[in-house]
Each structure stands twice: as C-alpha cells, then as structure tokens.
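Counting begins at 1 with the first residue of the sequence. Any value given below was found using the heavy atoms of this structure, including those in side chains, with hydrogens, waters and symmetry copies removed.
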Amino acid sequence: MKIYGANLSPFVRKVLSVCAIKGLEYEHVIVMPGSVPEGYLQISPLGKIPALEDGDLKISDSSVICEYLEERYPDIAVLPGDPAQRARSRWFEEYGDSRFVEALAPYFVENVVKPAMGGGAPDIEKLEQLAKDVIPMRLAYVEEQLPAEGFLFGNIGIADIALCSPLISGMYGGMALNADLYPKTAAFLERVKSHPAMVSVLAAEAPMLEAMRR
C-alpha cells in the first residue's frame with residue numbers, strides 16, 4: 001500500500017494517523033501540493049493530496065481513504081459501531097475538514113509555507129481577521145462538543161484526529177490556543193497528541209517542519 005502526500009498537510013496527517021492506529025504498513029510517497037509527479041493524476045484526478053494506492057485500487061480524498069481503510073481493515077476500529085454515533089463521527093470529520101481547517105490552517109500557510117516557498121510576506125491582516133471574527137466561533141463550537149476526559153467515542157478515532165489535525169497545523173504556524181477560554185479543547189488536543197499512534201506520526205513530520213522553518 002502506498003500513501004501519497006506531504007506529512008504536514010492536515011488531511012495527509014489524518015490518513016497517516018488512521019494507518020498508525022490500525023498498525024498498517026505502507027510506503028509513504030512525498031507529493032507536494034501544486035507539484036505533482038508524472039502519472040499522479042491517474043491516482044488523484046484532481047491532483048490533490050492525499051491519495052492511496054492499494055493493489056489495483058487508486059483513490060483520493062482523505063475521508064474516502066479513511067472510510068476504505070476502516071472497511072478493509074476493521075480489526076481496530078476508528079469509527080464507532082452504533083449508527084447514530086457513526087453519523088456524529090462523520091459530522092465531526094466533515095467539520096474538521098472544512099470550516100475548522102479553513103479557520104486554522106492559514107496560520108501555517110502564511111507563516112510557514114509562504115516564507116519557505118518564496119511566496120512573500122504573511123498576510124497579517126487575514127490572520128487578524130480570522131482571529132477576531134472566525135476562530136472564536138469555531139473553537140467555541142468544538143469546546144461545547146468535546147468530552148471532559150478521553151476521546152469522542154471511546155477509543156481514539158477519525159473524529160478525534162480530524163478535529164485535532166487543523167489545530168496542530170494552526171499552532172505550527174503560531175496560532176495560540178487559549179487554555180483558559182477553551183480548557184476542554186486544550187486538554188483534548190494534548191490527549192490526542194500523546195496517543196502512541198499520534199506520537200509516531202508527529203515525530204515523522206518534524207524534520208519537514210524544521211526544514212521549512214529554516
């Protein structure tokens with residue numbers, strides 16, 4: 001099995017984390033957004049990351065990939081068994097992959113990616129607007145949904161990763177998470193990051209982050 005993408009993408013991180021939780025072996029092929037190798041469009045027709053190749057199967061989109069991994073390798077589940085809870089898990093994944101990442105990932109893009117790629121100065125005005133008008137409402141919603149202890153649906157799963165991955169990316173870019181205002185979110189993030197599967201994933205992406213910050 002091959003997984004294509006750059007570690008620091010919150011969507012690639014989600015897929016690699018699911019693989020780590022499930023104990024799956026794979027080859028990680030680095031593909032940077034906007035610089036896809038020859039033949040990559042046959043695997044990911046939209047040119048996006050992540051993508052997965054498992055035998056004859058070629059699919060893209062992190063949610064599609066995670067759903068496949070859950071069905072193909074069910075021994076260690078990352079979705080709850082109850083249909084209503086599975087629906088809630090899919091909703092949290094969608095929220096993390098859409099509005100949450102849209103609010104938080106610009107910190108990483110502006111403060112890390114742009115300087116590393118010669119894209120000019122960070123758009124400070126954009127980040128200030130997000131911090132004032134968007135991020136508080138996104139964090140407030142997450143704070144209301146999170147448990148005081150443990151993970152969202154028992155063992156760590158896709159929903160936990162999908163909510164924490166944008167936070168990790170944002171904080172790589174200097175976004176501050178106020179633990180006084182959002183205590184459950186701050187504690188939840190540390191629990192997820194401390195899980196052995198996540199420790200290994202975050203350790204693997206550290207060298208790329210260090211190189212981009214130079």
Side-chain angles (χ1 to χ4, degrees), residues 7-18 20-21 62-63 66 78-80 84-114 122-206 209-210 212-213:
N7 304 54
L8 296 174
S9 158
F11 305 107
V12 175
R13 182 183 298 121
K14 184 176 72 170
V15 171
L16 297 182
S17 300
V18 168
I21 292 168
S62 65
S63 296
C66 289
V78 291
L79 280 168
Q85 296 291 68
R86 288 173 79 90
R88 289 187 68 231
S89 175
R90 291 187 178 106
W91 158 243
F92 288 132
E93 181 181 6
E94 172 60 23
Y95 186 84
D97 287 354
S98 57
R99 293 296 182 261
F100 210 38
V101 79
E102 290 165 8
L104 305 179
Y107 276 83
F108 178 68
V109 174
E110 295 294 331
N111 290 328
V112 179
V113 176
K114 282 177 68 173
D123 188 340
I124 301 301
E125 184 177 347
K126 176 181 180 178
L127 297 182
E128 289 177 345
Q129 186 272 328
L130 286 171
K132 177 177 178 289
D133 300 328
V134 180
I135 292 176
M137 74 174 87
R138 303 297 179 221
L139 285 173
Y141 173 73
V142 170
E143 181 76 8
E144 291 175 357
Q145 304 304 312
L146 294 177
E149 298 180 356
F151 302 108
L152 281 161
F153 302 103
N155 295 325
I156 192 171
I158 293 175
D160 306 294
I161 297 163
L163 290 179
C164 286
S165 191
L167 283 165
I168 292 167
S169 293
M171 295 173 78
Y172 280 168
M175 187 210 80
L177 177 61
N178 189 325
D180 291 329
L181 288 177
Y182 310 106
K184 288 198 298 182
T185 303
F188 176 74
L189 175 62
E190 291 308 310
R191 290 196 297 275
V192 171
K193 289 170 61 178
S194 299
H195 189 280
M198 291 300 299
V199 168
S200 66
V201 169
L202 296 177
E205 65 189 44
L209 178 63
E210 182 181 355
M212 294 184 73
R213 284 175 167 168

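Within the structure, salt bridge (Lys or Arg N to Asp or Glu O under 4.0 Å) contacts touching residues 187-200 (residues at least two apart or in different chains) are Glu190-Lys193. Legend: salt bridge (Lys or Arg N to Asp or Glu O under 4.0 Å) pairs involving residues 132-149, not counting sequence neighbours: none detected.
Closest approach of Pro136 and Tyr182 over heavy atoms only: CA-OH, 3.6 Å. Taking both residues in full, the closest heavy atoms of Pro166 and Val101 are given as CB-CA, 3.8 Å, listed atom of the first, atom of the second, then distance. Between Lys184 and Leu146, the shortest heavy-atom contact is NZ-O, 2.9 Å. Between Gly150 and Phe188, the shortest heavy-atom distance links the atoms O-CD1, 3.9 Å. Of all the heavy atoms in Asn178 and Asp180, the pair that sits closest is OD1-N, 2.8 Å. Counting all heavy atoms, side chain and backbone alike, Pro106 lies closest to Lys126 at CB-CE, 4.1 Å.
You'll find the side chain of Pro147 reaches within 4.5 Å of the side chain of Leu152, heavy atoms only. A heavy-atom distance below 4.5 Å is found between the side chains of Leu8 and Met212. Residues Leu139 and Phe100 are in side-chain contact: their nearest non-hydrogen atoms beyond the backbone lie under 4.5 Å apart. Between Arg90 and Leu79, some side-chain heavy-atom pair lies under the 4.5 Å cut-off. You'll find the side chain of Asn155 stays beyond 4.5 Å of the side chain of Ile21, heavy atoms only. Counting only heavy atoms from C-beta outward, the side chains of Arg13 and Ser169 approach each other to under 4.5 Å. Inter-residue side-chain proximity for Leu127 and Asn111 is flagged as met; some heavy-atom pair is nearer than 4.5 Å. Glu102 places none of its side-chain heavy atoms less than 4.5 Å from the side chain of Val134.
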Verify salt bridge (Lys or Arg N to Asp or Glu O under 4.0 Å) between Glu210 and Arg213, making sure each step is shown before the conclusion.
CA-CA 5 Å; Glu210 182 181 355; Arg213 284 175 167 168; over 6 Å; no
When you look at Met171 and Leu189, which way does the side-chain contact (heavy atoms from CB on, under 4.5 Å) test go after all the steps?
CA-CA 11 Å; Met171 295 173 78; Leu189 175 62; 3.5 Å; yes
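Using a 30° and 60° split on the angle between ring planes, Tyr141 and Trp91 fall in the perpendicular class, above 60°.
Considering Ile158, Leu163, Asp160 in turn, Ile158 is the only one that fulfils the side-chain contact (heavy atoms from CB on, under 4.5 Å) rule with Glu93.
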